[in-house]
Amino acid sequence: MNVLLLSPGYPAEMPEFARGLAEVGASVIGVGDQPAAQLPQRTRGALAAYVQVHSLFDEARCVAELRSALRGRRIDRVESLWEPLMLLAARLREALGVPGLDVAATVPFRDKEAMKRKLDAAGIRTPRHVAAASSAECWDAAAQLGFPLILKPIAGAGSADTWRCDDADELRAVLPRIAHVPVVSVEEFIDGEEYTFDTVTIDGAVQYYNVAWYRPRPLIARSNEWISPQVIALRDPDAAALRDGVAMGHAVIRALGFDSGFTHMEWYRKADGEVVFGEIAARPPGAHQVDQMNYACDIDVFREWARAVTERRFAARVERRYNVATIFKRAHGQGTICAVEGLAEIDRRHGAAIVWNSLLPVGAPRRNWRQTLVSDGFLVIRHPDLPTTLAIADEIGAHVQLHAR
Ligand SMILES: Nc1ncnc2c1ncn2[C@@H]1O[C@H](COP(=O)(O)OP(=O)(O)O)[C@@H](O)[C@H]1O
Ligand SMILES: [Mg+2]
């Protein structure tokens, strides 16, 4: 099998997907805009070939460059696991005659208005929504939907340019800040808990799924630097409280006609139990959530994804043994990390539960916490019992502190 893998070196998880493909015997042809010599070691070890294109963001030119570079070579799959390249992957499938999501099937995964329109037609509960391309249209939307509202780009990511407005004064204040966004989705604000539904799907049938719980909701985590956001991969995604969300997830995949690969959906559960669709992407979640899936079951989901898209099977036996929590830390102060406080105590109390420590070491420059959820690093812990998992995660949030200056 010849698999074209877009951007095999970036972001951080891509080398693992490249490795997975190589391990199931695929011949992996990487496509990227960085020189081959700059690819991560793991990626280089997995690639059978590499095509360096001028830019991954000039789609027409990229398609032309690949057409000529691949002349005479049969391509069986085009894979992209990074959101900004989903449409390029679809264009390449069309240009090279490769099965998989085409442009028309990909658009509803990229455009949040097209997405919700399709799901509305299938009877799925989405937040009431209106697309708005000007301030006047935002005011019209507000009149139609009422407050509180959410305004967000139709093709956003990472809660960027996403605002909650509780009244007209707040909307007035937000409009200039989103003036650079061409089209926004104005939505009814849904109060509740926020979860994921992540799958590896083969020919439209879900073969593996994971439910993660965001603590707190991403928009709150991204608006408050002092918070140590948590993502918890739940040991029991079949719990009664999650049942409606999981059922909605299956229905969404059917309604959008997804075929094979990773999906990542977000959904909300209101206090009264009603579940509401959030968004879905035709790729895995980021921020090392696939590693969480691995830690939860001691399997290799990178490799099983690769097997799913090449051999159309998911071979690992899924036995969920643990809840897995990732706790992301943001340092106090600016500049360079000068102290990591509380880690020795956590290690003494919960060392057996800690499976990964990626906290920045003293001397490392701080990262931009608004641009990367990974922030100044994270701890990953796992435990069979959910209340214990949450208690340890909260303890890490409160007592492990990084300082910078
Ligand atoms: N209708 C809504 N009601 C309540 N919160 C929302 C709503 N839409 C978005 N949010 C909040 O904003 C965050 C980002 O929105 P989302 O649609 O997931 O976009 P992205 O993650 O692609 O930036 C969500 O995780 C959620 O916390
Ligand atoms: Mg989201």
Side-chain angles (χ1 to χ4, degrees), residues 11 81-87 106-120 124-132 138 141-142 144-166 170-171 174 177-178 180-198 210-224 227 229-232 245 248-249 252 256 262-272 274-287 289 328 369-374:
L81 300 126
W82 189 32
E83 186 70 15
L85 302 182
M86 304 313 292
L87 275 171
T106 302
V107 166
F109 286 96
R110 283 292 290 147
D111 171 338
K112 292 178 188 185
E113 279 297 319
M115 179 186 296
K116 281 172 293 200
R117 279 195 302 270
K118 224 163 166 175
L119 298 179
D120 292 341
I124 286 158
R125 166 70 161 106
T126 65
R128 291 185 300 123
H129 60 99
V130 176
C138 288
Q144 204 177 314
L145 301 172
F147 291 98
L149 289 174
I150 282 277
L151 276 74
K152 61 191 182 188
I154 55 164
S159 303
D161 296 311
T162 299
W163 299 91
R164 172 180 173 166
C165 297
D166 284 354
E170 288 187 6
L171 179 58
V174 158
R177 311 183 76 156
I178 54 158
H180 63 283
V181 180
V183 185
V184 296
S185 196
V186 183
E187 285 187 354
E188 158 197 17
F189 180 86
I190 305 290
D191 203 1
E193 296 287 348
E194 194 163 336
Y195 299 91
T196 73
F197 175 68
D198 312 304
N210 172 71
V211 174
W213 180 19
Y214 294 121
R215 292 175 87 222
R217 305 184 72 176
L219 183 57
I220 296 170
R222 194 181 187 273
S223 311
N224 297 281
I227 291 175
Q230 302 173 6
V231 181
I232 321 272
M248 170 184 275
V252 165
L256 296 183
F262 238 114
T263 64
H264 168 50
M265 181 179 106
E266 292 170 343
W267 57 280
Y268 317 131
R269 192 184 65 215
K270 293 167 47 174
D272 66 6
E274 186 188 17
V275 299
V276 183
F277 173 81
E279 63 163 343
I280 185 167
R283 55 152 175 92
Q289 289 179 53
F328 301 93
W369 65 279
R370 283 188 198 275
Q371 273 169 18
T372 161
L373 179 58
V374 166

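Counting starts at 1 for both ligands and their atoms, in listed order.
Ranking protein heavy atoms by distance to atom 3 (N) of ligand 1, first place goes to I190 N, 2.8 Å. Nearest protein heavy-atom neighbour of atom 21 (O) of ligand 1: E279 OE2, 2.8 Å. In terms of protein heavy-atom proximity, atom 23 (O) of ligand 1 is closest to S159 N, 2.6 Å.
Distances between N or O atoms of L219 and those of ligand 1 include at least one value under 3.5 Å. The N/O atoms of G278, backbone and side chain alike, include none that comes under 3.5 Å of an N/O atom in ligand 1. Inclusion of F189 in the set of residues having an N or O under 3.5 Å from an N or O of ligand 1 is not warranted.
For ligand 1, the atoms lying closer than 4.0 Å to a non-hydrogen atom of T162 are 12 (O). Of all the atoms in ligand 1, the ones that sit under 4.0 Å from a non-hydrogen atom of E187 are 1 (N), 2 (C), 7 (C), 8 (N). Here is the list of ligand 1 atoms found below 4.0 Å of a heavy atom in E194: 24 (C), 25 (O), 26 (C), 27 (O). The distance from ligand 1 to the heavy atoms of R217 drops below 4.0 Å at these ligand atoms: 4 (C), 5 (N), 27 (O). Short contacts between ligand 1 and P218, defined as distances under 4.0 Å to a heavy atom of the residue, involve ligand atoms 25 (O), 27 (O). Within ligand 1, counting atoms from 1 as listed, the ones closer than 4.0 Å to a heavy atom of G158 are 20 (P), 21 (O), 23 (O).
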Apply side chain to side chain contact (heavy atoms under 4.5 Å, CB included) to the pair M86 and F109, showing each step before the final yes or no. CA-CA 9 Å; M86 304 313 292; F109 286 96; over 6 Å; no
Where do E188 and R125 land on the salt bridge (charged side-chain N to carboxylate O under 4.0 Å, His left out) test, with the steps shown first? CA-CA 12 Å; E188 158 197 17; R125 166 70 161 106; 3.3 Å; yes
Just do the side chain to side chain contact (heavy atoms under 4.5 Å, CB included) check on E170 and F147 with the steps written out, would you? CA-CA 10 Å; E170 288 187 6; F147 291 98; over 6 Å; no
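In this structure, T196 contributes its side chain and A212 its backbone to a donor-acceptor pair below 3.5 Å.
The side chain to side chain donor-acceptor pair (under 3.5 Å) with E193 is formed by just one residue from the set Y268, W213, Y214; it is W213. Among the candidates K116, E279, H129, the single residue satisfying the side chain to side chain donor-acceptor pair (under 3.5 Å) test with S185 is K116.
Listed here is the closest heavy atom pair of P229 and P216: CA-CD, 4.4 Å.
The closest non-hydrogen atom to atom 19 (O) of ligand 1, taken over R164, K152, K112, comes from K112. By heavy-atom distance, the residue among Y268, Y214, F277 lying nearest atom 10 (N) of ligand 1 is Y268.
Note that R164 lies in the cation-pi zone of F189, set by a 6.0 Å cut-off to the ring centre and a 45° limit from the axis.
Side-chain contact between L151 and D161 is absent, with no heavy atoms from C-beta onward closer than 4.5 Å.
Only the side chain of I150 comes within contact range of ligand 1, with a heavy atom under 4.0 Å; no backbone atom does.
Draw a line from the Mg ion (ligand 2) to OE1 of E266 and another to OE2 of E279, and the angle between them is 90° (to 10°).
Between E83 and R110 a salt bridge is recorded (basic side-chain N to carboxylate O distance below 4.0 Å).
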